[in-house]
Amino acid sequence: MWERATALPLLAHPLSLPSPAAGNYPFTLSSISSGGGATALLRVPPLASSFSSSSGREVWLNPKFNQQQRSPNPPHGRHDYLDRSVDMAALLADLSRSTTADELHAVMSPFLPSFSSSSRRPPLSLRFMLSLLSREPDYRRSLALLDWMLDAAGYPPSVVAYNVVLRNAARAGDFPLAAGLLHEMRSPSRSISPDHFTYSTLLSALSRSKLLDAALSLLPLMEEDSICPDLVLFSTLISLALKLGDHSKALALFSRLRAAGIAPDLVAYNSLLAALARAGLLRDARRLLADMDSAGIPPDTVSYSTLLAALVARRRFLEALTLFNEMRSPIRRLPLDLPICNIMIDAYGQMDMAREADRLFWSMRQLGVSPCIVTYNTMIRVYGDAELFGEAVHLFRLMQRQNIEQNVVTYNTMIQIYGKTLEHEKAGNLLQEMQRRRIQPNAVTFSTVISIWARAGKLDRAAKLFQQIRDSGVEIDPVLYQTMIVIYERAGLVGHARRLLNDLREPHDLSKDTAIRILAGAGRIEEAAWLFRRTEVKEMDAFRSMIDLFARNKKHKNVVEVYERMREVGYFLDSEMIATVLNAYGKLQEFEKAAAVYSEMEEEGCVFSDRVHFQMLSLLGMKRDFEGVERLMEKLSGDPDVDKKELHLVAASVYERANKLDDAARIVGRIMNRRSSFSNA
DNA sequence: TTAGGGTTAG
């Protein structure tokens, strides 16, 4: 429950100042000059120097202007606040930039009793004081002043006064106080309605502190107070939900935004794209791009990179390439920026298009984009995956020669590459080198090195390193210890493995399926495969992770091996897995088998995602069975579930890759026809 | 008076 907090005393160290007896004010009105109007010059005498850094200061006031307006022609180029009442307020405002709340309060406190409670609104000077106190580290003293204003001086409660105090409590992360104030406002004794500002400040502060549920709990209160959240608030909440990985909340919030009649802007749309992508609703995301066009907010580079990253993460490269071409096509002509270069270099690498990745990497500067550490790390990995080991090493050392920052990811990537080249000594050297350079190895580094050494037959060294890690108190994460356990088991040291589990207080009967999932998920291919082959796998997730692992590593034969084992057990695959298997058969040039899987699964009543159909289409193209391509296209054109635009794009790219440009153009023509008939309708 | 989006390693 929220609680009203105790306020700190207004003045931590009371200062003694002259009493405000007549004529003893700490400043004087010294002259009135002219110009366009009455401008008053206040001279702050040395008497007041205890709250001013200089021994005397000048403050210009123009009574013609309303309070808090800035003077159009500030004398001496100064910007001073102006107040019609020409009272202390202006001076306070000016001094507030160089004076502490304590000093100001010391100046003001003698006057406090003289403030009349009969007026409806506290004078500006008091309001300044409140605002200033609330900005101090001891922001709770603003609460004391608020209490004094309401209770002692008897001013009526005001939303603004509460908001000032609440804002700074919220900014300071003091949510019990902030929410306490909110409830106090709404209580019968105060009975003032929190306004839009009250909720905005509180909600955005809660969001900054990642307190999504607390923020959401305020929405019903807002509704009671008839305050509708605005675009800013909604998009803050949506992005927070996304950051916390709760895409369904993000989607729900977006629906509420729409229901409230708020038109999303580009960023809100991009957040929605991210939410859809994370929910795996890529088709909806793809459609949203078109919706954005109709809404007059065409997608930008970020929109595309959001979708691209999601497609790449799901290994849907064909669609990713199509999308990338689309963003660079004459219709869009969107510029490339750093993240999208990073995404594409990564994607090209995974697509076995290292040459394209390389070209993009080295042309970035011409595109006006400076590669960052992520770019370098990705490019090194792509070189390694393409077995361009010389290039990988060269780039790694080039970074050092050019003093480009390297981090633990850089080293982990490079160590992994030395694992591939079976240079376990060099892997070990890099481990030492990074430690010399004060780049802390992490669990990834250790499990990689241990795995490399074990594979090189250096079991002793691996075990010794593992022991060192344990002794050092570094947390042993599941991948690290599963790696070590499999190493022991492979070496026939079952006792060691059991003891390890025992020491780590892990149950010995931790299922092998789980172990497989952990190792496969981490890309520990040797260890996962070894375990997979000697385990009677039951869990679908274990199979899935193995298919993913082998697919990621382009071990197409092994993908098929997992598939066949699943069929033996009697499992049906989901769409994603079928597409992966089809792709593997394609890479193995086993088109007949692929076609058999496709029709068999269809007969079994599997509902395919578009991706499966498109994969099959692409296989037929690779097989140069263009009659088959046309037949399948015809069939899919009549399927209401298939996205027609996407279908045509895929078909066009199938013909393009087969170098049948006329056919590709014919298909593209169909897209254009569809488009024009759509716009005519 | 308030604000939001996409990228790297086991």
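Keep in mind it's a predicted model, so treat the numbers as computed, not measured.
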Less than 3.5 Å apart, any donor N or O on the side chain of Thr198(A) or Asn163(A) sitting next to an acceptor on the other?
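Side-chain D/A pair, Thr198(A) to Asn163(A): present.
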Measure from the side-chain heavy atoms of [X] and tell me the nearest of [options].
X	options	answer
Ile340(A)	dG10(B), dG4(B), dG6(B)	dG6(B)
Asp477(A)	dG10(B), dG6(B), dA3(B)	dG10(B)
Gln416(A)	dT2(B), dT8(B), dG10(B)	dG10(B)
Asn407(A)	dT8(B), dT1(B), dG4(B)	dT8(B)
Thr413(A)	dA9(B), dG4(B), dG10(B)	dA9(B)
Val232(A)	dG4(B), dG10(B), dA3(B)	dA3(B)

Euclidean distance, atom [atom1] of residue [X] to atom [atom2] of [N] [Å, nearest integer]:
X	N	atom1	atom2	answer
Leu480(A)	dG10(B)	CG	P	15 Å
Lys249(A)	dG4(B)	NZ	P	20 Å
Leu242(A)	dG6(B)	CG	P	8 Å
Tyr348(A)	dT8(B)	OH	C1'	18 Å
Arg286(A)	dG6(B)	CZ	P	20 Å
Tyr383(A)	dA9(B)	OH	C1'	18 Å
Leu240(A)	dA3(B)	CG	P	14 Å
Tyr199(A)	dT2(B)	OH	P	19 Å

Derivation and outcome, salt bridge (Lys or Arg N to Asp or Glu O under 4.0 Å), residues Lys420(A) and Asp385(A):
CA-CA 9 Å; Lys420(A) 288 182 83 156; Asp385(A) 288 349; 3.8 Å; yes
Looking at residues at least two apart in the chain, or sitting in another chain, which of them share a salt bridge (Lys or Arg N to Asp or Glu O under 4.0 Å) with Lys554(A)?
Asp352(A)
Going by the rule salt bridge (Lys or Arg N to Asp or Glu O under 4.0 Å), which residues pair with Arg470(A) if we only count those two or more places apart in sequence or in a different chain?
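Asp503(A).
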Contact class for [X] vs. all strands (heavy atom < 4.0 Å): base, sugar-phosphate, or nothing?
X	result
Ala268(A)	base
Asp346(A)	nothing
Leu273(A)	nothing
Asn163(A)	nothing

Within residues 443-456 of chain A, which residues have any heavy atom lying less than 4.0 Å from an atom of DNA chain B?
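Nucleic-acid contacts, sorted: Ala443(A), Val444(A), Ser447(A), Thr448(A).
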Looking at DNA chain B, which of residues 306-313 of chain A put a heavy atom within less than 4.0 Å of it?
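Residues of residues 306-313 of chain A that come under 4.0 Å of DNA chain B are, in numerical order, Thr306(A), Ala309(A).
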Does the ring centre of Phe234(A) sit less than 6.0 Å away from the ring centre of Phe254(A)?
no
Could you tell me if the ring centre of Tyr481(A) sits under 6.0 Å from that of Phe466(A)?
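No, the ring centres sit 6.0 Å or more apart.
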Does a side-chain N or O of [X] approach OP1 or OP2 of [N] to a distance below 4.0 Å, or not?
X	N	value
Arg278(A)	dG6(B)	yes
Arg381(A)	dA9(B)	yes
Arg208(A)	dT2(B)	no
Arg171(A)	dT2(B)	yes

Using the salt bridge (Lys or Arg N to Asp or Glu O under 4.0 Å) rule, take Arg381(A) and Glu391(A) through it: C-alpha gap first, then chi angles, then the decisive distance, then the call.
CA-CA 10 Å; Arg381(A) 196 214 71 222; Glu391(A) 275 83 351; over 6 Å; no
Quick one: are Leu202(A) and Leu218(A) in side-chain contact, heavy atoms under 4.5 Å?
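The answer is yes, as the side chains (C-beta and beyond) meet within the 4.5 Å cut-off.
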Is it the case that [N] (base atoms only) and [X] (side chain only) share a donor and an acceptor within less than 3.5 Å, ignoring hydrogens and angles?
X	N	answer
Ser239(A)	dG4(B)	no
Asp230(A)	dA3(B)	no
Asn442(A)	dG10(B)	no

What are the two closest non-hydrogen atoms of Ile345(A) and Val382(A), and how far apart are they?
O-CG2, 3.6 Å
Pairs of donor and acceptor atoms involving the side chains of residues 523-530 of chain A, under 3.5 Å and at least two apart or interchain, shall be tabulated with distances.
| from | atom 1 | to | atom 2 | distance (Å) |
| --- | --- | --- | --- | --- |
| Arg524(A) | NH1 | Ser447(A) | O | 3.3 |
| Arg524(A) | NH1 | Ser447(A) | OG | 2.7 |
| Glu527(A) | OE2 | Ser451(A) | OG | 2.8 |

Could you tell me which residues satisfy side chain to side chain contact (heavy atoms under 4.5 Å, CB included) with Ala250(A), sequence neighbours excluded, listed by chain and number?
Ile238(A), Ala241(A), Leu242(A), Ala275(A)
